[in-house]
Amino acid sequence: MTIKDKVVIITGASSGIGEATAYKLAKEGAKVVLGARREDKLKAIVDKISAEGGHAVYQVTDVVKREDNLSLVELAKTSFGKVDVIFLNAGLMPNAPLSALEQDNWDAMIDVNIKGVLNGIAAVLPEFTAQKSGHVITTSSVAGLKAYPGGAVYGATKWAVRDLMEVLRMESAQEGTNIRTATIYPAAVQSELVDSITNPDTNKNMRALYDVYEIPAERVANVVAFAIDQPEDTNVNEFTMGPTNQPW
């Protein structure tokens with residue numbers, strides 16, 4: 001197993017996919033460094049991992065702030081001596097029709113879903129470049145592969161993540177820095193994304209869809225573990241996944 005003893009940073013780690021991935025990787029022997037905005041939830045996750053014999057630390061992190069991303073990388077280095085993987089998982093999905101003109105939500109999605117990913121890449125890239133190894137994993141969405149009414153801005157941010165990660169993979173290969181990438185495109189997976197939808201009609205419709213189809217966040221954690229566990233000379237760079245019975 002190549003997961004054991006790897007140092008993995010996870011953003012958006014206080015719930016859903018991030019939380020499930022923290023437990024999964026810690027159980028497999030990774031040392032996890034968790035970032036999110038809710039300290040009480042982060043502390044509870046770290047305490048649980050530690051009680052089960054795993055290794056975990058946390059730091060309150062707002063991915064929109066460049067300095068928070070840099071501090072999270074420093075925490076990984078001071079706690080465990082290095083960084084092997086960063087899983088950029090923080091995201092927002094306050095969907096609504098464009099005609100609703102929810103511009104504050106548009107700004108929030110752009111800040112977290114695009115700038116948050118860029119800030120994470122910028123914080124860790126010097127480390128990965130210097131050591132000529134590393135792995136950047138991101139959570140995109142099936143909305144980053146196809147268009148859905150009500151999800152124009154969310155989808156645009158997730159399409160952006162797809163492009164960023166593909167270019168990062170190609171440039172790393174050209175530069176000989178051996179940085180692997182993986183972008184995950186989940187369909188209906190258990191998370192708090194639906195809770196961020198403030199538009200009543202969109203929330204109702206999305207909640208109904210998730211209530212029928214959603215699968216546990218652990219299913220995405222398994223994919224993250226699979227990506228990390230590949231030999232260093234092998235990069236599986238895209239994963240589209242979701243419920244077997246959902247016609248996404």
Side-chain angles (χ1 to χ4, degrees), residues 6-19 21-22 25 30-38 42 45 56-80 82-93 107-131 133-141 144 154 156-172 177-186 191 193 220-221 223-224 227-228 235 237-239:
K6 282 198 170 179
V7 178
V8 182
I9 295 172
I10 303 172
T11 65
S14 61
S15 65
I17 291 169
E19 179 181 5
T21 302
L25 298 183
K31 299 170 182 176
V32 295
V33 181
L34 310 182
R37 290 179 293 180
R38 295 175 294 184
L42 289 172
I45 295 165
V57 294
Y58 77 87
Q59 178 175 286
V60 175
T61 303
D62 182 348
V63 297
V64 175
K65 299 177 180 177
R66 294 179 181 178
E67 60 272 19
D68 282 15
N69 292 268
L70 291 167
S71 295
L72 199 58
V73 172
E74 284 303 310
L75 177 63
K77 291 168 61 180
T78 56
S79 299
F80 302 122
K82 60 175 181 172
V83 185
D84 296 299
V85 182
I86 189 165
F87 179 28
L88 301 171
N89 171 67
L92 296 175
M93 190 183 71
D107 289 343
M109 284 186 278
I110 291 167
D111 285 345
V112 174
N113 298 355
I114 300 180
K115 291 181 181 178
V117 170
L118 283 169
N119 288 340
I121 291 172
V124 82
L125 201 55
E127 302 296 326
F128 287 175
T129 300
Q131 65 197 26
S133 67
H135 203 165
V136 181
I137 304 174
T138 55
T139 303
S140 180
S141 167
Y154 177 73
T157 65
K158 294 303 186 178
W159 280 78
V161 168
R162 183 188 189 193
D163 184 77
L164 286 171
M165 291 291 284
E166 184 66 354
V167 173
L168 175 60
R169 180 189 67 79
M170 296 171 72
E171 289 182 350
S172 172
T177 50
N178 306 310
I179 299 169
R180 298 192 293 168
T181 65
T183 307
I184 304 172
Y185 306 96
S191 73
L193 284 177
V220 182
V223 173
V224 175
I228 295 171
N235 183 24
N237 68 307
E238 290 190 310
F239 299 88

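- In this structure, OG1 on T181 lies 8.0 Å from CD on E238, to the nearest 0.5 angstrom.
- Between the side chain of T78 and the backbone N or O of L75, at least one donor-acceptor pair lies under 3.5 Å.
- Under the salt bridge (Lys or Arg N to Asp or Glu O under 4.0 Å) criterion, E166 pairs with R169, not counting sequence neighbours.
- Here the closest heavy-atom approach between residue I45 and residue A13 is recorded as CD1-O, 3.2 Å.
- With no hydrogens or angles considered, a side-chain donor-acceptor pair links T139 and N89 at under 3.5 Å.
- Although no hydrogens or angles enter the test, the distance criterion places a donor-acceptor pair under 3.5 Å between the side chain of R180 and the main chain of I228.
- V63 approaches N69 most closely through the heavy-atom pair O-ND2, 3.0 Å.
- Between the CD1 atom in I121 and the CZ atom in F128 there is a gap of 10.5 Å [rounded to 0.5 Å].
- By the salt bridge (Lys or Arg N to Asp or Glu O under 4.0 Å) test, D62 pairs with no residue at all, sequence neighbours left out.
- By the 4.5 Å heavy-atom criterion applied to side chains, R38 and S15 are counted as neighbours.
- From K158, atom NZ reaches atom CE of M93 across 10.0 Å, with rounding to the nearest 0.5 Å.
- Distance check, rounded to the nearest 0.5 Å: CG of L92 to CG of D107 gives 12.0 Å.
- Side-chain contact between D84 and V8: absent, with no pair of heavy atoms (C-beta onward) separated by less than 4.5 Å.
- Under 3.5 Å, the side chains of S172 and T177 contain a donor-acceptor pair of N or O atoms.
- Y185 has its side chain within reach of R162: a pair of non-hydrogen atoms, C-beta onward, lies under 4.5 Å apart.
- For the pairing with L88, the side chain to side chain contact (heavy atoms under 4.5 Å, CB included) check across L164, V136, V161 returns one residue only, V136.
- Looking only at side-chain heavy atoms (C-beta outward), V64 and V112 come within less than 4.5 Å of each other.
- At distances below 3.5 Å, not a single donor-acceptor pair connects side-chain atoms of Q59 with backbone N or O atoms of T61.
- To the nearest 0.5 Å, atoms CG (N235) and NE2 (H135) are separated by 5.5 Å.
- Separating the CZ atom in R66 from the OG atom in S71 is a distance of 14.0 Å, to the nearest 0.5 Å.
- Exactly one of I17, I9, T138 qualifies for a side chain to side chain contact (heavy atoms under 4.5 Å, CB included) with F87. That residue is I17.
- Residue K82 places its NZ atom among more than 12 non-hydrogen atoms of other residues, nucleotides or ligands, all under 6.0 Å distant.
- Heavy-atom minimum distance, P186 versus S140: CD-O, 3.6 Å.
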